[in-house]
Number of protein chains: 2
Amino acid sequence: MLDEKQNSGLNFHVSVDCVVFGFEFGKLNVLLLERKMLFKGVEFKDLKLPGDLVRKDEDLDTAAARVLKELTGLDNIYLRQFAAIGTPDRLYRMERDMEWLRQIGHPEEVVVTVAYYSLINIDQDKINRFELQEDVKWHPVSQIKELAFDHMEIFNDALKALRDELRFNPIGFELLPSKFTLSQLQKLYEVILGSTLDKRNFRKKVSNMPYVIPINEKEKGVSHKPAQYYIFSKKVYEKTRKSSLDFFV
Amino acid sequence: MLDEKQNSGLNFHVSVDCVVFGFEFGKLNVLLLERKMLFKGVEFKDLKLPGDLVRKDEDLDTAAARVLKELTGLDNIYLRQFAAIGTPDRLYRMERDMEWLRQIGHPEEVVVTVAYYSLINIDQDKINRFELQEDVKWHPVSQIKELAFDHMEIFNDALKALRDELRFNPIGFELLPSKFTLSQLQKLYEVILGSTLDKRNFRKKVSNMPYVIPINEKEKGVSHKPAQYYIFSKKVYEKTRKSSLDFFV
DNA sequence: TTAATTCGTGTTTGTTATACACTTTACCGA
DNA sequence: TCGGTAAAGTGTATAACAAACACGAATTAA
């Protein structure tokens with residue numbers, strides 16, 4: 001009754017979906033795939049989250065990392081699982097979704113999906129290797145209004161999970177280049193948490209974090225007082241954090 | 001490449017597993033199922049988490065609620081999804097696990113499981129309806145050393161997730177009877193968070209929570225000063241909480 | 001040389017966290 | 001009925017942290 005005895009013929013498809021965040025020019029962006037199709041005789045375009053079916057011989061985390069690698073060419077990206085969704089009709093609520101699945105030959109079956117978000121820093125030296133396919137683009141988070149399937153819900157949940165984690169773990173640095181200014185860091189927190197922060201209080205807090213370290217380098221070519229660059233040291237962080245739950249609020 | 005196009009023949013079994021917590025006599029307990037089998041000619045017993053395969057027409061949350069209902073007879077139990085695990089060999093690492101699966105006729109396939117924890121208060125009026133099957137028993141959390149399959153990892157992750165949530169959401173009350181004393185409440189926090197708390201400071205904090213309300217009733221039949229009973233009001237909590245993230249630390 | 005722009009800095013005040021010990025109220029048993 | 005036992009209930013002083021707030025310094029562009 002409570003065991004894996006029953007229903008042993010019941011098979012599902014399992015997929016991973018990735019909500020890939022990036023931060024540039026003071027904006028939080030998300031990487032989305034354009035979906036094109038012929039719908040009721042006219043061309044129809046919309047956006048969806050990148051994802052793929054999980055293969056039989058791979059872990060869920062591995063599948064998510066593979067999707068990211070195929071999408072961006074990048075390895076070692078910050079990835080966090082934040083939900084599993086298995087509502088039976090989740091892919092079959094909208095006409096256009098059913099039509100699309102028909103066109104790509106997807107059988108009408110339940111797909112349980114495991115959702116991840118990932119954080120990418122669009123660093124100078126990485127940007128070369130970082131060539132996106134034509135149908136994959138960054139979109140400002142604030143402008144996302146609608147996505148395919150239940151991807152809008154997944155996206156909203158990802159944002160919520162990101163905000164929650166940002167308060168208690170030093171993950172903001174994953175979204176910044178390896179050297180960054182304190183203004184960039186502050187802006188990042190403001191944009192993700194959706195509030196403004198006091199500059200002096202912010203810097204006071206950061207100066208109590210021994211793992212945010214000034215380096216011997218300043219901004220160049222800006223028409224104002226150049227800012228000090230800092231780096232984040234994971235090593236120092238691991239060594240100096242007091243409880244498993246300190247960081248920001 | 002990134003779509004559900006490929007691998008469309010890949011099917012998984014999907015299950016839910018529940019880590020059911022209870023709190024009684026100052027101890028945190030977990031509800032486990034005894035697994036019995038003939039292994040290498042002798043009777044072998046161990047413990048596993050309750051769980052079941054998800055049915056084709058049900059949601060993951062629905063499946064978890066169903067498992068709980070079948071297990072305890074209770075509805076409307078606090079349930080929280082906290083992980084999905086799909087490591088291909090997760091059920092096939094130990095001889096005894098493979099033997100057990102063989103004996104119950106489980107095909108050797110990948111089972112992706114979605115893990116939930118749930119909180120039960122063992123209330124006076126509920127206890128009648130609450131008749132556990134013979135092979136289902138409460139075990140003190142501190143005494144769990146080994147479980148079947150990867151259930152020990154799932155159990156440890158559940159504890160971690162419970163601790164994290166306890167700090168920021170008023171879920172402790174789910175583990176207490178509807179009327180409780182402040183000492184019970186304090187003990188609950190101490191046991192789950194694994195630290196002792198100062199009585200006066202604890203009560204000071206609680207007295208700033210308008211949703212923890214004294215009722216016109218005291219302990220009876222105790223051989224010392226009887227304690228005041230309190231109730232938790234979800235309504236008042238919803239109305240009075242300031243941010244989405246306040247509560248305890 | 002001046003204007004424009006962003007960087008970087010300290011103090012005060014209020015709130016919250018911590019540390020700490022004794023009196024009260026009930027039951028029990030002699 | 002009285003003394004012992006056991007847990008309940010209560011206040012204050014100090015330290016740490018959060019919030020509010022304004023101006024001089026460094027650079028480029030015109």
Side-chain angles (χ1 to χ4, degrees), chain A residues 24-27 166-168 176-177 179-191 193-210 212-231 240-249, chain B residues 24-27 166-168 176-177 179-191 193-210 212-231 240-249:
Chain A
E24 217 183 358
F25 309 124
K27 278 206 169 126
L166 188 67
R167 285 191 167 84
F168 304 111
L176 291 175
K179 58 187 186 190
F180 53 85
T181 69
L182 295 187
S183 296
Q184 283 177 297
L185 187 64
Q186 181 178 341
K187 186 75 188 173
L188 187 150
Y189 276 88
E190 291 180 333
V191 167
L193 299 179
S195 57
T196 60
L197 300 170
D198 179 85
K199 201 208 279 201
R200 279 176 288 191
N201 293 336
F202 181 85
R203 290 162 109 97
K204 209 181 302 167
K205 242 190 282 193
V206 172
S207 72
N208 283 324
M209 301 175 178
V212 179
I213 303 167
I215 58 174
N216 191 14
E217 192 180 346
K218 289 187 180 182
E219 264 185 324
K220 269 182 200 163
V222 288
S223 73
H224 53 76
K225 181 170 176 180
Q228 176 65 238
Y229 277 124
Y230 288 76
I231 55 167
T240 59
R241 68 170 153 182
K242 285 127 206 165
S243 80
S244 63
L245 247 166
D246 65 309
F247 199 57
F248 236 97
V249 180
Chain B
E24 217 183 358
F25 309 125
K27 279 206 167 124
L166 189 67
R167 286 191 166 84
F168 305 111
L176 291 175
K179 57 187 187 190
F180 52 85
T181 70
L182 295 186
S183 296
Q184 282 178 297
L185 186 64
Q186 181 178 343
K187 186 75 187 172
L188 187 150
Y189 276 88
E190 291 180 334
V191 167
L193 299 180
S195 57
T196 60
L197 300 170
D198 179 84
K199 202 208 278 202
R200 280 177 286 192
N201 293 336
F202 181 86
R203 291 164 108 96
K204 210 182 301 168
K205 242 192 280 193
V206 172
S207 71
N208 283 325
M209 301 175 179
V212 179
I213 303 166
I215 59 174
N216 192 14
E217 193 180 346
K218 289 188 179 180
E219 264 186 325
K220 269 181 201 163
V222 289
S223 74
H224 53 77
K225 181 170 177 180
Q228 176 64 239
Y229 277 125
Y230 288 77
I231 55 168
T240 59
R241 69 169 152 182
K242 285 127 204 164
S243 80
S244 63
L245 246 166
D246 65 308
F247 198 56
F248 236 96
V249 179

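Since the model is a prediction, treat every value here as computed from it, not as a measurement. Numbers restart at 1 for each chain; the letters A, B, ... are given by sequence-line order, proteins then strands.
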Whole-Å distance between D:dA6 C1' and B:Lys220 NZ?
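So the two atoms are 20 Å apart, to the nearest Å.
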Could you work out, with side chain to side chain contact (heavy atoms under 4.5 Å, CB included) as the rule, every residue matching A:Ser183, not counting sequence neighbours?
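Expected list: A:Thr181, A:Arg203.
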Does A:Lys204 form a side-chain hydrogen bond (donor to acceptor under 3.5 Å, both in side chains) with A:Asn201? I'd like the steps, not just the answer.
CA-CA 5 Å; A:Lys204 209 181 302 167; A:Asn201 293 336; 3.3 Å; yes
Are A:Val206 and A:Gln186 packed together at the side-chain level, in the sense that at least one heavy-atom pair is separated by less than 4.5 angstrom?
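The answer is no; the side chains never approach within 4.5 Å.
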Should B:Lys187 and B:Glu190 count as side-chain neighbours, where that means a heavy-atom distance under 4.5 Å?
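Yes, their side chains come closer than 4.5 Å.
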Counterpart residues, side-chain hydrogen bond (donor to acceptor under 3.5 Å, both in side chains), relative to B:Glu217 (two or more places apart):
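B:Lys179.
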Tabulate atom names and distances for all N/O pairs under 3.5 angstrom spanning the protein and nucleotides 5-12 of chain C.
{"from": "C:dC7", "atom 1": "OP1", "to": "A:Ser183", "atom 2": "OG", "distance (Å)": "2.8"}
{"from": "C:dC7", "atom 1": "OP2", "to": "A:Ser183", "atom 2": "OG", "distance (Å)": "3.1"}
{"from": "C:dC7", "atom 1": "O4'", "to": "A:Lys225", "atom 2": "O", "distance (Å)": "3.4"}
{"from": "C:dG8", "atom 1": "OP1", "to": "A:Gln228", "atom 2": "N", "distance (Å)": "2.7"}
{"from": "C:dG8", "atom 1": "OP2", "to": "A:Arg203", "atom 2": "NH2", "distance (Å)": "2.3"}
{"from": "C:dG8", "atom 1": "O5'", "to": "A:Arg203", "atom 2": "NH2", "distance (Å)": "3.3"}
{"from": "C:dG8", "atom 1": "N7", "to": "A:Lys199", "atom 2": "NZ", "distance (Å)": "2.7"}
{"from": "C:dT11", "atom 1": "O4", "to": "A:Lys204", "atom 2": "NZ", "distance (Å)": "2.9"}

